[in-house]
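What follows is a single structure, written as structure tokens, with notes after it.
Here is how names work: the chains are called A, B, and so on, in the same order as the sequence lines, proteins then strands, and each is numbered from 1. Just so we're clear, the structure is a prediction, and the values are computed from it rather than from any experiment. What you see below is based on every heavy atom in this structure, not just the backbone, and it leaves out hydrogens, waters and symmetry mates.
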Amino acid sequence: MVFLDLALNALASGIALGCIYALVALGLAITFGLLHIPNVAHPALVIAGAYAVVLANMRGIDPILAALVLTLPFYAVGLAFYEFYARAFERRGRGNTLQSLTLFFGVSLIVEIALVVAFGTDLRSVSVPYVGRSFELGLIVLPYRFLVPALLAPAVILGLWLYMTRTHSGLAMRAVAHDERALSISGHDPVAIKRHAFGLATALAVLAGAALVIVGPVDPFAGRVHLGRVFAVVVLAGLGSIPGTLAAAIIIGVAEAFVTAFLSPSWAPGVAFAILLGTLALRPNGIFGTAR
Amino acid sequence: MNGLVVEGLRAGYGAVNVLHDVSITVGEGEFVALLGMNGNGKSTLLNAIMGFVKPSAGSIRLFWDGQSVPLAGQAPHRIVDLGIGYVPEGRRLVPNLTVEENLKLAARGRAKNDFAENLDFCFETFQILKERRRQLAGTMSGGQQQQLAIARALMTSPRIMVIDEPSVGLAPIVVDQMIATIKELQTKRRMTILMAEQSFFQAVEVASRAYVLAHGSIVHAIEHGLDAEAMETIRNAMMGVE
């Protein structure tokens, strides 16, 4: 009975955890998975999003509602940043990966330092009415501060997936990963499509930030623990697969929850990479990736 | 007169100049063949027309409805929107999108309002694309992909179709069908076509005029019908026989 109890709760919290990981990884699924930009600053942007949500929450605004509104300025910041990146790096010989990595590490540090200067290194959190209460179903007990942000993930991913499959610019975003010239021939400006995609990825960071800060308090460096994992999720999903991102994140979340419950929490952070390495040995393009 | 006029074009890659003082014209309703062996600048010329290669001298202009629009220096997607439909070498489809999605993607700008009409026309011209419209482009045969590449160019509501070596990598019987279909676009639909091709016999059978490129220069321009004498001249020029 104790075993079943542990296993069921590990499964439930693993799925919820996976959903939250998916939300954090989603922006990277676009920038890294579709645009091939190694945006290691994404987790830092997520934390910047979390702080923006904290500020709004101090004025009594619900974190998820705040995040939805904040997607607009974050989108604009993403557009501006991509414009800078494209002018400085990509137009001179198709973006050198090492240079880009260095740039995005720099951006990551600048975001973190800016957060420290503005807010200090203390933990910040939001207050929502459902903190401290739990959803109970049989043996499963899941705190609402976990469940609510977890439910945000499938909603956002469904929205993004519909956008990518049903709209013209969504189609163009899927095409840009494969062949920019094919886009030009179809009458699209590849730079504009990539700028839009980067803006969208940055807007997703604030939604992920809201989810993280509802789950628990954050400090300016909270993005760092997610860095390795989000890349693992995106690569495991198969570069560019949006529904795959959710599935891969849930696999990692459940595995981490089981390792935490039955082995030791110390092992949990290594789980993502163990799964990643094992999967890539069998499926080099990730679980949902197609051969390119 | 409506058409495309290239004058005194010089273009190349970095320090290497490929085209030297190239001038060609393509009038509305014509089927112009651009002949030449591999490596003589056919693709470079088409890439310059499409904006993928920046010319270092000369002009490329589209004359249409009394307007003269310079194409040199414009981005490729603008040139497509101005009315130059492009079927590139290697087809350049989006392999992970379906046939229909590839076609939908090309219904941009000026061509947006013609979407339904253009799609009907494409499916009518290429039956196989209609049957396979939900199939991923990357999983189709070479001949079908080439049809899709032509259909995609048609979706952009082109005034002039620029086609680069449609026969590359296809079986001879498929090539015959492909060239026949392109010819039909000109005869039945009054499309204007500029087609680069190295399979000389295929091209001269269908073209109304031809240019021969050798070492980056136009060495022959056959302006008035391709009679036996003209064909002999072209063949010699292509083979490097004086």
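- If you take CZ on R92(B) and CZ on R181(A), they are separated by 5.5 Å, rounding to the nearest 0.5 Å.
- Summarising the local packing, CZ of F105(A) is surrounded by 12 or fewer heavy atoms from other residues, nucleotides or ligands at distances under 6.0 Å.
- For K183(B), the NZ atom sits in a packed shell: over 12 heavy atoms of surrounding residues, nucleotides or ligands are nearer than 6.0 Å.
- No more than 12 heavy atoms of other residues, nucleotides or ligands sit less than 6.0 Å from atom CD of E7(B).
- Residues R174(A) and V94(B) fail the side-chain proximity criterion, which asks for heavy atoms closer than 4.5 Å.
- When all heavy atoms of H77(B) and G187(A) are compared, the closest pair comes out as CB-C, 3.5 Å.
- The distance from the CG atom of L93(B) to the NE2 atom of H178(A) is 12.5 Å, given to the nearest 0.5 Å.
- With a 4.5 Å cut-off on side-chain heavy atoms, R108(B) and S186(A) do not count as touching.
- In terms of heavy-atom pairs under 4.5 angstrom with chain A, the leader among G51(B), A153(B), A107(B), G138(B) is A107(B).
- When the shell of 6.0 Å around CD of Q67(B) is examined, it contains 12 or fewer heavy atoms from other residues, nucleotides or ligands.
- Looking at L171(A) and K104(B), their side chains come closer than 4.5 Å, going by heavy atoms from C-beta outward.
- Shortest non-hydrogen contact noted between I185(A) and F52(B) is CG1-CZ, 4.3 Å.
- Heavy atoms of S169(A) lying under 4.5 Å from chain B are absent altogether.
- More than 12 heavy atoms of other residues, nucleotides or ligands sit less than 6.0 Å from atom CH2 of W64(B).
- For D189(A), the parts lying near chain B are the backbone and the side chain together; criterion is any non-hydrogen pair under 4.5 Å.
- Contact detail for S184(A) and V80(B): the closest heavy-atom pair is O-CG2, 3.6 Å.
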